[in-house]
Amino acid sequence: SLREGSGGPQRGRRGGRELPRGAWLLITFWLLMFSALAVYFSLIQLSPLPWPYLRPPAPPRPVTVLMWWEPFVGKGRSHRPVPDCQRLFNLSGSAPELARPPGQRWVWMNFESPTNSPRLESLDGSLFNWTLSYRADSDIFVPYGYLYPRSSPQDQPSGLYPSLARKQGLVAWVVSHWSERQARVRYYHELRQYLKVDVYGQGGPGQPVPDSGLLHTVARYKFYLAFENSQHLDYITEKLWRNAFLAGAVPVVLGPSRANYERFVPRNAFIHVDDFPNVAALASYLRFLDRNRNQYKRYFDWRRRYAVHILSFWDEPWCRTCQALQIAGDQPKKMNNLAAWFQR
Ligand SMILES: *[C@@H]1O[C@H](CO)[C@@H](O)[C@H](O)[C@H]1NC(C)=O
Ligand SMILES: *[C@@H]1O[C@H](CO)[C@@H](O)[C@H](O)[C@H]1NC(C)=O
């Protein structure tokens, strides 16, 4: 009787008044649909903004955005402040600070000279760990060019010497940023009183570089004025490596000291303006070489043993950084006197 008594109500619950399972599913489905539609319409009423702005994916996860402004930060500003996204848009986890993994290295890369690298002091204070520049004492030394030994010295120098028959002109100069305050412009004004100097490029008295290109143009001259825009330690740019060496013109250099050049190129590969007491003496030496073919050709002897490498932007700085990281130990390093180091 006990089993019967307990069995009775069970059977009664299974009775016909209960809704079938399919109906429950249908009701749940429509309830969900209505609430979804209600939320949707209330939101599009609030704001026409698309979904991601209204409801950022929760929970917020920390992200790092690297904004690289220098040196294009704008006039009169040392840096752009990081905006306070919490206050502006109620975005949590966006505290304006630079959380920086201790093992991460920040590399300051620069190919301009100190004269053209303003406001460096704002980067002091141990912001960077390493430097990458043309300066030989950079952590990652990436020069504008370098000479590397040929695998076998060339005994047939014919290919190394330029065709003198093609060299109709004496002195060429290509300049794009013309400023009367630059030492190179002052030197040019004096030099052209003694010699004809053919100037190419925009911004100054130059004629446009012909369609045949810079190298073909310079190749038609015996000498090229590899004058740097400013004079600084190790600041020896494509004006020497590319415009003069690749084109096969003898460079007349105005830049750092002769000793500094000789760290990177043989002494008989170039003529330095400091080799002469005055501009007139340089001019007469160039005229002497113009008349003495064998003396002139001695400026190409180094090519038997060395070939020229030209810096390739920006893959080379990138790959050199990769290489430096591969060989670096764990020793931490920081640069707390960037400006003083670079400007010395
Ligand atoms: C800001 O966001 C938090 C968390 O997302 C929320 O609880 C709070 O109501 C929001 N405040 C305003 C003013 O919208
Ligand atoms: C990089 O510099 C930062 C800031 O000076 C310093 O805290 C960190 O230890 C340095 N990291 C390395 C790997 O040198």
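Remember, it's a predicted structure, so these values are computed and weren't measured experimentally. Both ligands and their constituent atoms are indexed starting at 1 by order of listing.
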Engineer: Could you check whether any side-chain N or O of W302 sits under 3.5 Å from a backbone N or O of Y299, counting only pairs where one atom can act as donor and the other as acceptor?
Structural biologist: yes
Engineer: Check ligand 1 for close polar pairs with the protein: N or O on both sides, less than 3.5 Å.
Structural biologist:
{"from": "ligand 1", "atom 1": "2 (O)", "to": "N90", "atom 2": "OD1", "distance (Å)": "3.3"}
{"from": "ligand 1", "atom 1": "2 (O)", "to": "N90", "atom 2": "ND2", "distance (Å)": "2.4"}
{"from": "ligand 1", "atom 1": "11 (N)", "to": "N90", "atom 2": "ND2", "distance (Å)": "2.9"}
{"from": "ligand 1", "atom 1": "14 (O)", "to": "N90", "atom 2": "ND2", "distance (Å)": "3.2"}

Engineer: Going by the order shown, which atoms of ligand 2 are within less than 4.0 Å of some heavy atom of P332?
Structural biologist: 12 (C), 14 (O)
Engineer: Quick check on contacts: which atoms of ligand 2 are under 4.0 angstrom from a heavy atom of K334?
Structural biologist: 5 (O)
Engineer: Hey, does the Lys NZ or Arg CZ of R192 hover above the aromatic six-ring of W173, less than 6.0 Å from the centre and inside 45° of the axis?
Structural biologist: no
Engineer: Please list, in number order, the atoms of ligand 2 under 4.0 Å from a heavy atom of S126.
Structural biologist: 4 (C), 5 (O)
Engineer: Determine, for Y221 and K167, whether the Lys NZ or Arg CZ falls below 6.0 Å from the six-membered ring centre while staying within 45 degrees of the axis.
Structural biologist: no
Engineer: Determine the minimum heavy-atom distance between R303 and A244, stating which atoms define it.
Structural biologist: NH2-O, 4.3 Å
Engineer: Ring centroids only, cut at 6.0 angstrom: are F264 and W241 within range, meaning strictly under it?
Structural biologist: no
Engineer: Look only at interatomic distance and state if K333 has a nitrogen or oxygen under 3.5 Å from any nitrogen or oxygen of ligand 2.
Structural biologist: yes
Engineer: Could you list the residues that satisfy side chain to side chain contact (heavy atoms under 4.5 Å, CB included) with A219, not counting sequence neighbours?
Structural biologist: R166
Engineer: Output side-chain donor-acceptor pairs under 3.5 Å for residues 249-261, partner residues at least two apart or in another chain, one line each.
Structural biologist:
{"from": "S257", "atom 1": "OG", "to": "N260", "atom 2": "N", "distance (Å)": "3.1"}
{"from": "R258", "atom 1": "NE", "to": "D275", "atom 2": "OD1", "distance (Å)": "2.8"}
{"from": "R258", "atom 1": "NE", "to": "D275", "atom 2": "OD2", "distance (Å)": "3.4"}
{"from": "R258", "atom 1": "NH1", "to": "E262", "atom 2": "OE2", "distance (Å)": "2.8"}
{"from": "R258", "atom 1": "NH1", "to": "R267", "atom 2": "O", "distance (Å)": "3.3"}
{"from": "R258", "atom 1": "NH2", "to": "F270", "atom 2": "O", "distance (Å)": "3.3"}
{"from": "R258", "atom 1": "NH2", "to": "D275", "atom 2": "OD2", "distance (Å)": "2.9"}
{"from": "N260", "atom 1": "OD1", "to": "D234", "atom 2": "N", "distance (Å)": "2.7"}
{"from": "N260", "atom 1": "ND2", "to": "D234", "atom 2": "OD1", "distance (Å)": "2.8"}

Engineer: Quick one: side chain to side chain donor-acceptor pair (under 3.5 Å) partners of N336, sequence neighbours excluded?
Structural biologist: none
